[in-house]
Amino acid sequence: MSSTPATSPPEPGTDSDDAYEDLAGRVPMVEVIEHLLTNVDAASLPLEVPGIGEYRARRDRLATQIRHHLLPRLKQVAAPVIVVVGGSTGAGKSTIVNSVVGEEITEAGVLRPTTRQPVLVVHPKDAELMDEHPVTQVADASTTENIPRGMALLDAPDLDSVHAGNRGLADQLVELADLWVFVTTGSRYGDAVPWTRLRAASERGVSLAVVLNRVDPDALTTVRRDLFERLDGQGFGSVPFFVVPDVGPHEGVLSEDRIREFTQWLTVLGARSQSRSVIARTVRGAWPALRQDVQQVALALEEQWRARVGLRNQLTSAATGSADQVREDLTTGAAATGAPTTAWLSGASTGGPLAPLVAPAANLFESWRFRRAAPARAEAIRSLREVAVQAARTLIEEAAERAERAIRTTAEQSDAGRHLAASVSTEECQQARAERLTVLFAEWDDVVAELCETLPFSGEDAGLDGGGKAALVEAAAVGLDGAARAVTRLLGERGDAVVGRLSSDLGSWAHMAVTAESEPFVATLDALGMDEDSARSLRLRASELKGYM
């Protein structure tokens, strides 16, 4: 095995080592990070706005880094340095791990993917220190005395695995790493995925090393030079770099001479002072990217809040046109056209049961006939009231349906609105609408009855009882002109005032009922849990982080 360049870990007593001593002793920092994690976990990004996928991934990555790396490192100073061995499919990661420990700890194979469950290898005397470390929740732990003290070696799934779960787990493990050993081959070192992950890990302060494995001896010089140039061009020219020539088909671990240089380097790395230096660099290096990620998530929260406010206003405004129209229709008597007017004309014609409401009796005989027809008249006026009220209800219901359609059309103009509208069913809107209209007309009937009790008829009442009088007033308030004239004849100006008030009330209540069509959508939006203060809280955490940089 050869290395180019042979970059060693920092010597004991370096600034990085002192920095870790400083970090470990600053208890307030743990509190700041714990508060930050609480804020990040609460960062709800539910609305489908442009770029939200990237923001959600950043938030989730940030939470993983804090929960599984920074907090454990700040709380547990003595835990071994976490070395994650990762790379492309078939790069020989498991073989490298097995060769370091000198036994088959993790399954290896050329035909991948074979590594599904990550394997964590640790010295028995370090095992207890790893008991509560988050990495043990995602990896199978194995102990062996062949691994250096102070270091935990982890064989990760392939970064480019065909299994999405493996890829996600590999990314998560890189976030957990204090040191990431990138294993590649002479034929795979140009793959894009690992290079993207290398840059991301470096931006988060993860220490790096590179192992070029399975290199044809005839191409060793060319491949090594090309890879190093790539590393140098990406800013990784100073990372430890090891080469393992291809040994051809084989089973089991590599011979000791093939892996000795890398193993010796890991042994030095596992020494307490050196491992603490790696951890210190990782923690310190994570700070700038951490603060930037926090600010980006805060920005995403602000965009979500603005989108929420805008969408809320759009949804409520979408119903306004229909609400304004139904109030105007009720005020102008549009509800009384059609069936109510036909029913009135039929009943109020000469000889009809409602004729006495139009004009007083012309003689005693007609007066006697009017009184004999009182039961039929009472039934006719109640029937008229039902027809008029049903017409008003239908008018309001149709306006509400138009409002719902307008709301859904408005929602379709954005991804966020489209997802929101899809979660509110038409059946839900219909049920809420029916309940609103039932309550509206029940309360309106109560107001009609209350006002009519205070209205003694000043003229001939044509034999109407209290219920018949209220029914006449209600039909007039819906906009039926003949009923309104009858109320005027029987009640005078006072009757006109009552009808005017009831008509105005019905228009206002109808307006509110139609506007309320947005309520299921707004309630669903509000239930998403967005908070205007969330972004401010995260920005406060970012400012606190600056004090530790």
Side-chain angles (χ1 to χ4, degrees), residues 39-63 164 293-329 395-437 439-440 508-539:
N39 291 141
V40 173
D41 284 341
S44 177
L45 303 173
L47 293 182
E48 299 297 327
V49 299
I52 192 59
E54 180 180 347
Y55 280 127
R56 287 171 180 161
R58 186 186 294 267
R59 175 202 57 194
D60 295 343
R61 188 173 60 241
L62 179 60
D293 282 346
V294 172
Q295 292 173 326
Q296 286 297 311
V297 175
L299 176 62
L301 285 171
E302 290 169 345
E303 291 180 355
Q304 285 275 299
W305 182 257
R306 286 194 293 270
R308 174 195 179 278
V309 172
L311 182 57
R312 198 179 198 278
N313 290 338
Q314 290 170 0
L315 294 176
T316 54
S317 298
T320 301
S322 295
D324 290 343
Q325 185 63 53
V326 76
R327 179 162 55 188
E328 180 181 349
D329 288 345
L395 186 72
I396 299 171
E397 188 171 19
E398 291 175 348
E401 291 171 352
R402 291 195 301 273
E404 182 197 350
R405 291 194 294 272
I407 290 169
R408 292 188 182 278
T409 299
T410 298
E412 286 292 323
Q413 296 174 6
S414 68
D415 288 340
R418 190 176 304 111
H419 281 79
L420 179 71
S423 64
V424 181
S425 68
T426 301
E427 291 76 14
E428 180 183 352
C429 292
Q430 290 173 342
Q431 181 178 353
R433 181 181 308 134
E435 291 173 355
R436 279 195 300 272
L437 293 181
V439 171
L440 184 156
S508 297
W509 294 357
H511 189 278
M512 288 187 290
V514 173
T515 301
E517 285 294 312
S518 63
E519 287 180 358
F521 301 89
V522 172
T524 301
L525 181 61
D526 291 343
L528 295 177
M530 287 175 282
D531 184 355
E532 187 177 9
D533 294 330
S534 297
R536 286 196 290 267
S537 297
L538 270 183
R539 291 203 181 278

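Because the structure is a prediction, the values reported are computed rather than measured.
A salt bridge links R56 with E48; the closest basic N to acidic carboxylate O contact falls under 4.0 Å. For the pair R436 and E517, the salt-bridge criterion is met [side-chain N within less than 4.0 Å of a carboxylate O]. A salt bridge is absent between E412 and R408; no separation between the charged side-chain nitrogens and carboxylate oxygens falls under 4.0 Å.
Minimum heavy-atom separation, R59 to A43: NH1-O, 3.0 Å. In terms of heavy-atom proximity, D41 sits nearest to A63 at OD1-CB, 4.0 Å. In terms of heavy atoms, L538 sits closest to V294 at O-CG1, 3.3 Å. Minimum heavy-atom separation, V514 to A319: O-CB, 3.8 Å. Heavy atoms only, all atoms of each residue included: A298 and A535 are closest at O-CB, 3.5 Å. The two residues R402 and S322 come nearest to each other via the heavy atoms CB-OG, 3.6 Å.
In this structure, the side chains of M512 and L440 stay at 4.5 Å or more apart for every pair of heavy atoms. Side-chain contact between S44 and Q304 is absent, with no heavy atoms from C-beta onward closer than 4.5 Å. Side-chain contact between R433 and E404: present, with at least one pair of heavy atoms (C-beta onward) separated by less than 4.5 Å. T316 has its side chain out of reach of T515: every pair of non-hydrogen atoms, C-beta onward, lies at least 4.5 Å apart. For the pair L525/L47, a side-chain contact is recorded, criterion being any heavy-atom separation below 4.5 Å from C-beta on.
Going from atom OG of S534 over to atom CZ of R539 covers 12.5 Å, rounded to the nearest 0.5 Å. Here the straight-line distance linking atom CG of L301 with atom CG of D533 works out to 11.0 Å at 0.5 Å rounding. Note: R312 CZ to S317 OG = 11.0 Å, rounded to the nearest 0.5 Å. Of the inter-residue distances, the one linking R58 atom CZ with L299 atom CG reads 9.5 Å to the nearest 0.5 angstrom. Between the CD atom of E303 and the OH atom of Y55 there is a distance of 4.0 Å, given to the nearest 0.5 Å. Here the straight-line distance linking atom CG of L315 with atom CG of L420 works out to 6.0 Å at 0.5 Å rounding.
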